[in-house]
**Q** 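Let me give you the structure first, and then I'll get to my questions.
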Amino acid sequence: MTTGSLITDATRDSFARMAERVRQGKSGRWLVLTHDNPDPDALASALILTRVLRSAFQQKVTTAYGGIIGRAENREMVKSLNLRLSHVRNLSFKRYQHVALVDTQPRSGNNQLPARIVPDLVFDHHPVRAATEHSPFFDVRPKYGATATILAEYLLAAGTRWTHAIATALIYAIRSETNDFAREYTGPDKAIYDSFFPHADHRLLARIQSPRLSFSYFGNLHGALENLESVDTLILSHLGPVEQPDIVPEIADLLLRMEGKTWSLCTGRFGDRLYLSIRTTNPRADAGALMHRLLRRRGKGGGHGMLAGGWLDLGKVSDEGERQKIQRDLGLRLAKELKKNPEKLAKVELREPGSRP
């Protein structure tokens, strides 16, 4: 398969429009910004777009993120691939004449872009938001499994040479975002993956996929297993304070692997925010819409058919018991949304090895 055949017609048209905007726009420095607590897809997307802006359009670019890079695999990805990233707390938005968002959208509640700033470019694979449509240019494709796939097509359309680091980041992004093609991907995701796979550094890829884990990780895992609750095919766990919010979706992913379960929920508190992650094995589900119903107007969230995430502000809730009640209520509401009897939601007792059922 030639690289030209990997570029969809939609990308050819969109790249031409983006190129015209970048070339005809006023001069000045660019800021490429990911969502908070960036995952592999956000990191790879930012890396690729930064490469395109610098190499194809000779632009000065800063790549930045908010929150923390907490998950061990993500930290290892940044370290092994030598990704040069800045934290927004060390930057001033006044220094940048142009902003691009990757794997996130304006006013989504999961990035540090001030509401007063309208981004020049937006790339994402989540459902398009109303605020995004006010941006001069946006390419949002909910059917794609990864935002990095979209930007890989732009990389090819620009005729920009890629590095082993880009190929490795792209492969890991697609693999993690689609759960090794077990959920929500399209033909372009697989085609881009197959094309770039031979160019990835597989030694580094193995290191990223199997990093050393901190003691706190096992503490969080122990807490999650101690607090398991279930009703029918729903499994959930509520964590207390966590050292980094990425542990919440990681636990949700793990819980979904339990035999007989098709839905999972994990919640955990980081700072004054309560983070939630929903996962399902049902390809016809709409976890993103379900997350919106759970949060209502009290928080921010979104997602795809089979996974979703969000957060609630607990800044005005100081009582520990009240915080725990909010977490429990979310679990009960999810059970009700899934037409499961919330009154039957009960603690799961894990048996000791060798014990009889």
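Because only heavy atoms are used, hydrogens play no part in the values below, and waters and symmetry mates are left out as well, while side chains stay in. The model shown is predicted, which means the values in this text are computed figures rather than measured ones.
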**Q** In terms of side-chain geometry, is the basic nitrogen of Arg269 or Glu320 positioned less than 4.0 Å from the acidic oxygen of its partner?
**A**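 Looking at Glu320 together with Arg269, the answer is yes, because their closest N to O distance falls below 4.0 Å.
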**Q** Under 4.5 Å between any side-chain heavy atoms of Tyr65 and Val88, yes or no?
**A**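 The answer is no, as the side chains (C-beta and beyond) never meet within the 4.5 Å cut-off.
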**Q** Could you check Phe93 against Leu31 for side-chain contact (heavy atoms from CB on, under 4.5 Å), going step by step and ending with a plain yes or no?
**A** CA-CA 8 Å; Phe93 284 97; Leu31 177 66; 3.5 Å; yes
**Q** Please examine the side chains of Met77 and Lys79, heavy atoms only from C-beta on, and report whether any two atoms are closer than 4.5 Å.
**A**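 With C-beta onward as the side chain, the pair stays apart.
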**Q** Would you please indicate if the ring centroids of Tyr193 and Phe181 are separated by under 6.0 Å?
**A**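 Aromatic pair counts; centres sit under 6.0 Å.
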**Q** Any salt bridge between Arg333 and Asp329, counting N to O under 4.0 Å?
**A**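 No, no charged N to carboxylate O under 4.0 Å.
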**Q** Name every donor-acceptor pair, under 3.5 Å, that has one atom in a side chain of residues 199-208 and the other anywhere in the protein, sequence neighbours excluded.
**A**
residue, atom, partner, partner atom, Å
Asp201, OD1, Arg203, N, 3.2
Asp201, OD1, Leu204, N, 3.1
His202, NE2, Phe197, O, 3.0

**Q** Check whether the ring centres of Tyr96 and Trp30 lie less than 6.0 Å apart, and answer yes or no.
**A**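 Centroid separation for Tyr96 and Trp30: 6.0 Å or greater.
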**Q** Mark yes or no: Arg175 above the aromatic ring of Tyr172, with NZ or CZ under 6.0 Å from the six-membered ring centre and no more than 45 degrees from the axis.
**A**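 Here Arg175 fails the 6.0 Å and 45° test against Tyr172.
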**Q** Under 3.5 Å, is there a donor-acceptor pair between the Asp103 and Ser45 side chains?
**A**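 Asp103 vs Ser45: no donor-acceptor pair found between side chains.
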**Q** Got a salt bridge between Asp194 and Lys190, using NZ or NE/NH1/NH2 to carboxylate O under 4.0 Å?
**A**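 Yes, Asp194 and Lys190 are salt-bridged.
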**Q** Decide whether Gln112 and Asp36 meet the rule of one side-chain donor and one side-chain acceptor closer than 3.5 Å.
**A**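 Yes, because at least one side-chain N or O of Gln112 sits under 3.5 Å from a partner of the opposite role on Asp36.
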**Q** Taking Thr149 for its side chain and Asp189 for its backbone only, find out whether a donor-acceptor pair lies under 3.5 Å.
**A**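 Looks like no, no N/O pair under 3.5 Å.
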**Q** Does the side chain of Val22 come within less than 4.5 Å of Gln59's, by heavy atoms?
**A**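 They are in side-chain contact.
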**Q** Does any part of the side chain of Met18, heavy atoms only, come nearer than 4.5 Å to the side chain of Arg21, both counted from C-beta?
**A**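 No, their side chains stay 4.5 Å or more apart.
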**Q** Is there a ring-ring contact (aromatic ring centres under 6.0 Å, His included) between Phe123 and Tyr154 once you walk through the steps?
**A** CA-CA 11 Å; Phe123 295 92; Tyr154 275 69; 5.1 Å; yes
**Q** Using a 4.5 Å cut-off between side-chain heavy atoms of Ile, Leu, Val, Met, Phe, Trp and Tyr, which other residues end up in the same hydrophobic cluster as Ile278?
**A**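 Val231, Leu234, Leu236, Trp263, Leu265, Leu274, Leu276, Leu290, Met291, Leu294, Leu295, Leu312, Leu314, Val317, Ile326, Leu330, Leu332, Leu334, Leu338, Leu345, which link up through side-chain heavy atoms under 4.5 Å apart, make up the rest of the cluster.
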